[in-house]
Amino acid sequence: LSITCVGNLVTATNKSNQKLENVFVYYRVLHTDGNYLGGITYVIDFGTLEPGQSVEKLAGHFSAEKARIVRSIMQHYLIRK
């Protein structure tokens, strides 16, 4: 999973050859002193990403200059032949 950020646009790209389901990216806003502002963690739901697929989401509180991705989670399933 690759996550890129430009302004308040966050893009998640499935770099694997497996379908990824329930993809969530968590981010927090930084204060000017470099500490996280309050206890709020925001979540972006990217849903299901097929292999190679990219999905862009606008995140209202996100700014590439003032926020940091703190976690991403997903489910993937092995394809058995």
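As the structure is a prediction and not an experimental result, all values here were calculated from the model. Computed over heavy atoms, backbone and side chain alike; hydrogens, waters and symmetry mates excluded.
Side chains of Ile40 and Val29 form no contact here, defined as non-hydrogen atoms less than 4.5 Å apart. Annotation: side chain of Leu49 is in contact with side chain of Leu1 (closest heavy-atom distance under 4.5 Å).
Distance CD/Gln18 to CD/Glu50: 11.0 Å, rounded to 0.5 Å. The OG atom of Ser72 lies 12.0 Å from the CZ atom of Phe24; values are rounded to the nearest 0.5 Å.
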| task | For side-chain contact (heavy atoms from CB on, under 4.5 Å), just list the numbers for Ile3 and Val10, CA-CA rounded to whole Å, side-chain angles, deciding distance to a tenth of an Å, and then say yes or no. | result | CA-CA 7 Å; Ile3 302 166; Val10 181; 3.9 Å; yes
| field | Derivation of the side-chain contact (heavy atoms from CB on, under 4.5 Å) call for Val70 and Tyr36 | value | CA-CA 11 Å; Val70 293; Tyr36 290 116; 3.6 Å; yes
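Residues Leu30 and Ile44 are members of separate hydrophobic clusters, defined by side-chain heavy-atom contacts under 4.5 angstrom among Ile, Leu, Val, Met, Phe, Trp and Tyr.
Contact between Thr48 and Asn22 at its shortest, heavy atoms only, is OG1-N, 4.5 Å. The minimum heavy-atom distance between Arg68 and Glu65, with the atom names listed, is NH1-O, 3.8 Å.
Sorted by first and then second residue, the side-chain hydrogen bond (donor to acceptor under 3.5 Å, both in side chains) pairs involving residues 1-14 (not counting sequence neighbours) are Thr13-Ser54, Asn14-Ser16.
Ring geometry, Tyr27 versus Phe62: the interplanar angle exceeds 60°, so the pair is classed perpendicular (tilted spans 30 to 60°).
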